[in-house]
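One is the number of the first residue; the rest follow in order along the sequence. First listed ligand is number 1; within each ligand, the first listed atom is number 1. Here the structure is a predicted model, which means the values were calculated and not measured. Values below: every heavy atom of this structure, side chains too, minus hydrogens, waters and symmetry copies.
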Amino acid sequence: MTHPPRMHSGRPSARHFRPAPDARSAALTVLNRLESGRSTLDAILEAEDSCRRRLSPRDRALFNQLVYGVLRWRLRLDSVIAAYADRSIEKMAPTVLNILRLALFQILFMDRIPPSAAVNTAVNLARAHKVAQAAGFINALLRTALREPDRFRLPDAAVSTVDHLAVATSTPHWLMARWIDRLGLEAARQLADSTNEIPPITIRCNRLKNDLPDLIAALAGDVERLAPIERLPGAVHMDGLKKPIFRMKAFIDGRFAVQDAAAQLVSLLLSPQPDETVLDACAGLGGKTGHLAQLMDNRGRIVALEHVAAKLARLADEARRLGATIIETRQADLNRALPTDEHALYDRILIDAPCSGLGVLRRNPDAKWVARKQDIRRFADRQHRFLGHLAPLLRVGGVMVFSVCSMEPEENEAVVDRFLKNHPNFAIDHRKSAAETVLRPFLDKRGFLRTFPHLHHMDGFFAARLTRTG
Ligand SMILES: C[S@@+](CC[C@H](N)C(=O)[O-])C[C@H]1O[C@@H](n2cnc3c(N)ncnc32)[C@H](O)[C@@H]1O
């Protein structure tokens, strides 16, 4: 049973008072906003941040579980709904469909919520979110699903392996088919399964402010478990947070940054040295920029380039938090060639290019349902264009790393091969990266860095280290 909303006498007038949101209702609002297709989950969560912060810690945890869980398992949940519905899913109002997804996710994937509570709260949500006329339909469908669980069956693997695995792992059919073609059945299934896992929280010790033992001591009161990653010095998995990260004193003091292990490997592949001049093209919010400054001992110069001004403002804040003083920001559009007077200026360039994001579906499960096969080629063309515009800015003998959070060949080696064909004065810089013991386990025969969530328990990244030979 849910409790009726409490009366709050003696409070400011209703116009000023905003009742604390309920986790399920907040989750439904976010899922409904996503349906418009205009924003990513990250952008919506950021816009709704003040609402989320008003949730109790327990409700915030439930909210996250519901939003991410429904998005991860959407295809599977929709297949269950289709098995019990008397109308097609396409004909259902988005709010009704999302209420059903939320309830079924609780019933099928969350042990601690009694099924009857999931059904009752679904009916209440329908009333509160202006689809009261669908409350009977929602109630009947969910109760039938509880009474006759065997009515839903996964597609028969003997008829279509792709259909079977797509629904079993909640992966779009086109993506499942392409992963099976490329990796084989077992690896494709493991990769698809890994997209439904909750990714670890990985942090990078900011050596500009402290070393690892100091950081671990500073975090001890705020985090239950801290496990340094043996193969990656300065990287730590943390688990059992006692408060949100942004409220931890060690975070406010800039002692660490949140960054997945694979992203940390990319900056190591570039390996910038103190006193060099480095361009971080596609700097975004500066996740890698701060790491580059740390690797350079905060000596030299880093230009963080990005076309979105708001991101650069946040990057500058982040640099201040981390105590990285060698970073300057520059707004520019890499779709156009950069001024020629800057040619041959940089010792190193990082191009962390925009991509399909298919390597980070664990973190951005909404991307599963937005990504389309044809987008991959569009991204690849843009990546090739950016590489071409940045190539003249590297000095002869300098190093350029191209990276993407995608494991799709069109956005990986195909981009590099196309670039090398058009730029005979560049070559893959294989030997230097292979000499680094930290990187070696992740390098393939051609010297490309490749990480996979199902193999390495980190984000799926590709990175190539190139050098300018003439
Ligand atoms: C993969 S993200 C970068 C992430 C960042 N390097 C980090 O580690 O946090 C790619 C970035 O490229 C930027 N970008 C996209 N198109 C661009 C363009 N035409 N010119 C410059 N930057 C662009 C995006 O705004 C985005 O921030």
Side-chain angles (χ1 to χ4, degrees), residues 39-43 46 199 202-204 206 235 256-270 272 278-295 302-319 321-322 324 327-339 342 346 348-364 367 370-371 375-376 378-391 393 400-408 411-412 415 449 451 458-464:
S39 291
T40 62
L41 176 62
D42 274 351
E46 219 172 303
T202 312
I203 60 171
R204 171 174 53 75
N206 178 19
F256 70 92
V258 179
Q259 189 176 39
D260 186 76
Q264 298 188 36
L265 290 172
V266 170
S267 308
L268 294 177
L269 186 68
L270 185 70
V278 175
L279 176 64
D280 182 7
C282 305
L285 302 178
K288 298 191 183 61
T289 329
H291 194 192
L292 300 179
Q294 174 184 319
L295 294 171
I302 300 177
V303 176
L305 185 149
E306 167 59 57
H307 74 147
V308 181
K311 290 191 184 179
L312 286 176
R314 289 178 58 188
L315 183 149
D317 286 344
E318 175 68 353
R321 186 182 73 82
L322 296 173
I327 298 169
E328 53 194 80
T329 56
R330 167 155 179 214
Q331 191 182 1
D333 181 358
L334 290 175
N335 281 312
R336 299 197 205 106
L338 292 146
E342 290 197 18
Y346 293 101
R348 301 193 194 232
I349 298 179
L350 173 62
I351 311 174
D352 190 28
C355 67
S356 64
L358 291 170
V360 285
L361 294 178
R362 297 183 307 174
R363 295 183 195 284
N364 309 315
V370 177
D375 293 339
I376 298 178
R378 201 169 47 77
F379 277 116
D381 285 342
R382 189 184 331 170
Q383 290 150 9
H384 181 257
R385 188 161 61 245
F386 285 12
L387 271 169
H389 288 157
L390 289 162
L393 275 71
M400 180 156 92
V401 164
F402 164 73
S403 64
V404 282
C405 51
S406 162
M407 306 152 296
E408 303 307 308
E411 299 184 276
N412 294 178
V415 174
L449 182 129
T451 57
M458 48 179 86
D459 289 342
F461 260 80
F462 168 90

Measure the distance from [atom] to every protein heavy atom, then report the residue, atom name and distance (to 0.1 Å) of the closest one.
atom	answer
atom 16 (N) of ligand 1	H307 NE2, 3.4 Å
atom 4 (C) of ligand 1	D352 OD2, 3.3 Å
atom 9 (O) of ligand 1	G287 N, 3.2 Å
atom 13 (C) of ligand 1	E306 OE1, 3.3 Å

### Task
Would you check if the side chain of N412 reaches a backbone N or O of E408 as a donor-acceptor pair within less than 3.5 Å?
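Indeed, once roles are kept as given, a pair shorter than 3.5 Å links the two residues.
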### Test item: T289 side-chain N/O and A304 main-chain N/O as donor-acceptor pair under 3.5 Å
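Side chain of T289 to backbone of A304, a donor-acceptor pair under 3.5 Å: no, none is there.
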### Query
Hey, is C355 touching ligand 1 through its side chain, its backbone, both or neither, going by heavy atoms under 4.0 Å?
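Looking at C355 and ligand 1, no heavy atom falls under 4.0 Å.
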### Query
What heavy-atom pair brings F462 and S406 nearest, and what distance separates the two atoms?
CB-O, 3.7 Å
### Query
Under 3.5 Å, is there a donor-acceptor pair linking the side chains of Q259 and R204?
yes
### Task
Would you tell me whether E411 and S356 have side-chain atoms, one donor and one acceptor, within less than 3.5 Å of each other?
yes
Close-contact set for ligand 1 against [X] heavy atoms, below 4.0 Å:
X	value
D333	18 (C), 19 (N), 20 (N)
A283	5 (C), 6 (N), 7 (C)
G284	27 (O)
A332	20 (N), 21 (C)

Using a plain distance cutoff, I'd like to know if [X] has any nitrogen or oxygen under 3.5 Å from a nitrogen or oxygen of ligand 1.
X	value
K288	yes
A353	no
C282	yes
L334	yes

### Message
By the definition side chain to side chain contact (heavy atoms under 4.5 Å, CB included), identify the one residue from V360, D459, L265, V266 that meets it with D260.
### Response
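Answer after filtering V360, D459, L265, V266: D459.
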### Message
Here's a test for you: under side chain to side chain donor-acceptor pair (under 3.5 Å), which of H389, R382, R385 qualifies with N335?
### Response
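The passing option is R385.
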### Query
Take atom CZ in R314; do more than 12 heavy atoms of anything else shown fall under 6.0 Å from it?
no
### Min heavy-atom dist A263 to ligand 1 below 4.0 Å
no
### Query
What distance do L358 atom CG and I376 atom CD1 have between them, rounded to the nearest 0.5 Å?
5.5 Å
